[in-house]
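Here is the naming used below: chain letters follow the sequence lines, and residue numbers restart at 1 for every chain.
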Protein chains: 2
Amino acid sequence: MLTERQLLILRAIIDDYIQTAQPVGSRTLSKRDDLSFSSATIRNDMADLEDMGLIEKPHTSAGRIPSEVGYRYYVDHLVEKRIIDERETFRLEERLKESAKESELLIRQAADLLSDLTNYTTVALGPNSQMEKLARVDFMPIDERRGVVLIVTDQGHVEHRTVVFESRVAPDIIEETIRLLNDRLVGTPLGQLKIRIGEEVAKLQLAQRQQYDNMMQLIQSTVGIQTPSSLYLGGKKNIFNQPEFQTIDTLRPFLEWIDEQERLTHWLESLPNREIYVSIGSENGIVALQNCSVITSDYTLDGKTFGTIAMIGPTRMNYRHGVQMMGQIIEALRRTKLEE
Amino acid sequence: MLTERQLLILRAIIDDYIQTAQPVGSRTLSKRDDLSFSSATIRNDMADLEDMGLIEKPHTSAGRIPSEVGYRYYVDHLVEKRIIDERETFRLEERLKESAKESELLIRQAADLLSDLTNYTTVALGPNSQMEKLARVDFMPIDERRGVVLIVTDQGHVEHRTVVFESRVAPDIIEETIRLLNDRLVGTPLGQLKIRIGEEVAKLQLAQRQQYDNMMQLIQSTVGIQTPSSLYLGGKKNIFNQPEFQTIDTLRPFLEWIDEQERLTHWLESLPNREIYVSIGSENGIVALQNCSVITSDYTLDGKTFGTIAMIGPTRMNYRHGVQMMGQIIEALRRTKLEE
DNA sequence: TACTAGCACTCATAATTAACGAGTGCTAAT
DNA sequence: ATTAGCACTCGTTAATTATGAGTGCTAGTA
């Protein structure tokens, strides 16, 4: 159990260290207005805090820095989540509205806003389109041997793909195939189209059909349509300003990791569904991020669950500000409606 | 005028420096098999080369390093362009074929191959779709108030966009508008759609029409379709292995510059149209790339002019290998046909 | 004349040492 | 329970010294 004063000291150490990135000494602390004790008294308490594992010293004659356990305590006990500053939220809403025409834009804007607000790097992931259901398939001929397949999802997303046939295709064959696809696949989540069509085709014994090759080509093209995951990175260059990332050895793993879109997407998707979650230092289990903390949150848009947004900074990040800004932005997003 | 031996020495210095990134001394050179002169003799020639501005010394007691003028001489006189190794080119063709289904993929693959081959960073730009001409506009309804506009270009590119109308739209109004767009805009380069439609709409005096708002909405959506420039970056992390980019001060400008897609695209587009062009050090005029050299080339695909590809490395780059690999890849691309 | 051996000189780099000072832990006094 | 005082630690910085790779120049040789 921490005494009142120890709590004050812990808090002061972390606040100070967050700002300066330098170990904090007892004398520095005793000069603060909110700590009217002598440096010796503070030293005693610091020794206790160190015994409890909340702070540590880089070496004998340096001040103390918070340990991961210390940050954890700080975040759990001393950071208030969900304090909404109405004026600020309103301002964010206004900025978001400018981009409310397309969800892509909105995601970018949210990520950019959050990184501007905090000076950390942000990653935002849009809705997982693999879960959206097929609402409609259509086809539009370009010339005798080419055309465009279109798919529309229940969320109103559209994707297309050009198909090139081996030979000339009769319009009625195309029409029939499209009808078939609509009959059999509407309502199927995009992620399962390929599996689903296997079953259906097997049932139908299409092999006997005229123009089997062309039909199959059309079908394969349709189920092979890629829905790009809408991932957006904001404020990547902020990392260059962090004192703990001033050497190649620390910078390189971070940059290489963040540039790997695929992995980043999987990571975001694998995060537990929560409102605002803080992962401190090595807690995240990613080697490249062992000196980083991450604040993540799922967000909703116009009430509907939409995606995930994350903020990545050094372990010595400003948790209070970060958590608050994250709260603001997801609240602003919640209140924003897509224009459609 | 350079003597035979001075040429040999210049070449040896550059070859050596390219490999080691260390200033080259006279004794080191005299130990080479192809330079059977005493170090003193070499020193004399080095002094001459320095007077001519081809090499320089970082400080009195170091060896020599090539100057930008020296590299220029080397590239212009000692690097053979267009030496095609048929077997290697064939191998590249094979690898490219795997991705010949879509031009996007092909561009990625070409950039990746080139960066794997050279260990430098590559940037590839696809065709400038602003120059492609509109071949066709079409519309597909989703529900009463929404639908998808499609445009097809003369190169077979397809783009789409969702349109949301203010109110219910009669199918014949849509049909008419689409017909109008096709009549008036087919053949117009995508980059000029907006200007063009202004003129046409003015002529037509649509204002009197029923459902004017919805028609305009459809028209605006169509001409507002963005054609994403297909830019692809390969081997970005190669830069981390270059000894001249081991400090934040050199690394940061490079990474910040390369991450700015927009600027990168403009830069590539602004390059002079040539087959293989080498820009050495500060020649490129870009501050962030003042210590980089760039090998650029336009490339053709299946005979048609297609885009630009660039290779970026430190000024101390392996020009011979770089130029040769660039030659191979554009030759391989020239021989590749898109599957359509 | 063209080349080479030899030598004094230069200067970045690495290693060593010394001075500094921020910070600590402990003890004794209040 | 708190604080003043003091000896001690140890990372950082500056100053000093060696080291050696490389140079330019001169004088000698083929």
Side-chain angles (χ1 to χ4, degrees), chain A residues 1-10 12-17 19-67 70 243-244 246-247, chain B residues 1-10 12-17 19-67 70 243-244 246-247:
Chain A
M1 262 297 84
L2 293 184
T3 67
E4 190 71 20
R5 194 175 57 208
Q6 285 169 339
L7 206 61
L8 267 171
I9 291 174
L10 175 61
I13 290 174
I14 297 185
D15 285 342
D16 206 291
Y17 185 65
Q19 268 213 309
T20 64
Q22 296 297 327
V24 189
S26 53
R27 236 180 79 80
T28 317
L29 287 178
S30 77
K31 273 183 281 187
R32 288 176 62 125
D33 292 343
D34 57 340
L35 286 176
S36 53
F37 313 96
S38 79
S39 60
T41 309
I42 292 173
R43 273 203 292 285
N44 289 331
D45 277 336
M46 283 166 97
D48 292 346
L49 289 170
E50 189 174 355
D51 287 342
M52 290 182 260
L54 294 166
I55 56 179
E56 51 199 20
K57 37 185 176 193
H59 58 264
T60 327
S61 70
R64 304 299 213 289
I65 61 175
S67 69
E244 34 272 275
Q246 293 301 305
T247 65
Chain B
M1 262 298 83
L2 293 184
T3 67
E4 190 72 18
R5 192 175 59 209
Q6 285 170 340
L7 206 61
L8 268 172
I9 292 174
L10 175 61
I13 291 175
I14 296 184
D15 285 342
D16 205 292
Y17 185 66
Q19 268 212 310
T20 65
Q22 295 299 326
V24 189
S26 53
R27 237 180 78 81
T28 316
L29 287 178
S30 78
K31 272 183 281 189
R32 290 175 62 125
D33 291 343
D34 57 340
L35 286 175
S36 53
F37 313 95
S38 79
S39 62
T41 310
I42 292 174
R43 273 203 291 285
N44 289 332
D45 278 335
M46 282 167 99
D48 293 345
L49 289 172
E50 190 174 357
D51 287 342
M52 290 184 259
L54 294 166
I55 57 179
E56 51 198 20
K57 37 184 175 197
H59 59 263
T60 327
S61 69
R64 304 299 213 292
I65 62 175
S67 68
E244 34 273 275
Q246 293 301 306
T247 65

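As rounded to whole Å, 15 Å separates atom C1' of D:dG20 from atom CD of B:Gln22. Remark: P of C:dA2 and CD of B:Gln6 are 12 Å apart, rounded to the nearest angstrom. A:Ile42 has its CD1 atom 11 Å from the C1' atom of D:dT3, to the nearest Å. One can place CD of B:Glu56 at 17 Å from P of D:dG22, the figure rounded to the nearest angstrom. Going from atom CD of A:Glu50 over to atom C1' of C:dT24 covers 10 Å, rounded to whole Å. The CD1-C1' distance, from A:Ile65 to C:dT24, rounds to 16 Å in whole Å. Between the CD atom of A:Glu4 and the C1' atom of D:dT2 there is a distance of 18 Å, given to the nearest Å. Residue B:Phe37 contributes atom CZ, which lies 16 Å from atom C1' of C:dT1 at whole-angstrom precision.
Regarding contacts with the backbone of D:dT2, every side-chain N or O of A:Arg43 stays at 4.0 angstrom or more from both OP1 and OP2. The phosphate of D:dT23 has neither OP1 nor OP2 within less than 4.0 Å of any side-chain N or O from B:Ser61. Distances shorter than 4.0 Å separate some side-chain N or O of B:Lys57 from OP1 or OP2 on D:dG24. Taking only side-chain nitrogens and oxygens, B:Ser38 never comes nearer than 4.0 Å to OP1 or OP2 of C:dC3. Using a 4.0 Å cut-off, no side-chain N or O of B:Arg5 falls inside it from OP1 or OP2 of C:dA2.
Projected onto DNA chain C by closest heavy-atom contact, B:His59 and B:Thr41 fall at different nucleotides, the more 5' of which corresponds to B:Thr41. With DNA chain C read from its 5' end, the first of the two nearest nucleotides for A:Gly25 and B:Pro58 is the one closest to B:Pro58.
With distances taken from any side-chain atom of B:Thr60 to the nucleotides C:dT10, C:dC3, D:dT23, the minimum falls on C:dT10. Closest to the side chain of A:Asn44, out of C:dT4, D:dT3, D:dT23, is D:dT3.
A donor N or O paired with an acceptor N or O is not found under 3.5 Å between the base of C:dG23 and the side-chain atoms of A:Arg27.
Using a 4.0 Å heavy-atom cutoff across all strands shown, A:Ala62 reaches sugar-phosphate atoms only and no base atom.
More than 12 non-hydrogen atoms from other residues, nucleotides or ligands lie less than 6.0 angstrom from CZ of A:Arg32.
Atom CD1 in A:Ile55 sits 9.0 Å away from atom CD1 in A:Ile14 (nearest 0.5 Å). With rounding to the nearest 0.5 angstrom, the CG atom of B:Leu8 is 10.0 Å from the CG atom of B:Asp45. The distance from the CD atom of A:Glu56 to the CG atom of A:Leu49 is 12.5 Å, given to the nearest 0.5 Å.
Contact record, B:Pro243 with B:Ala21: CG-CB, 3.9 Å, taken as the closest heavy-atom pair.
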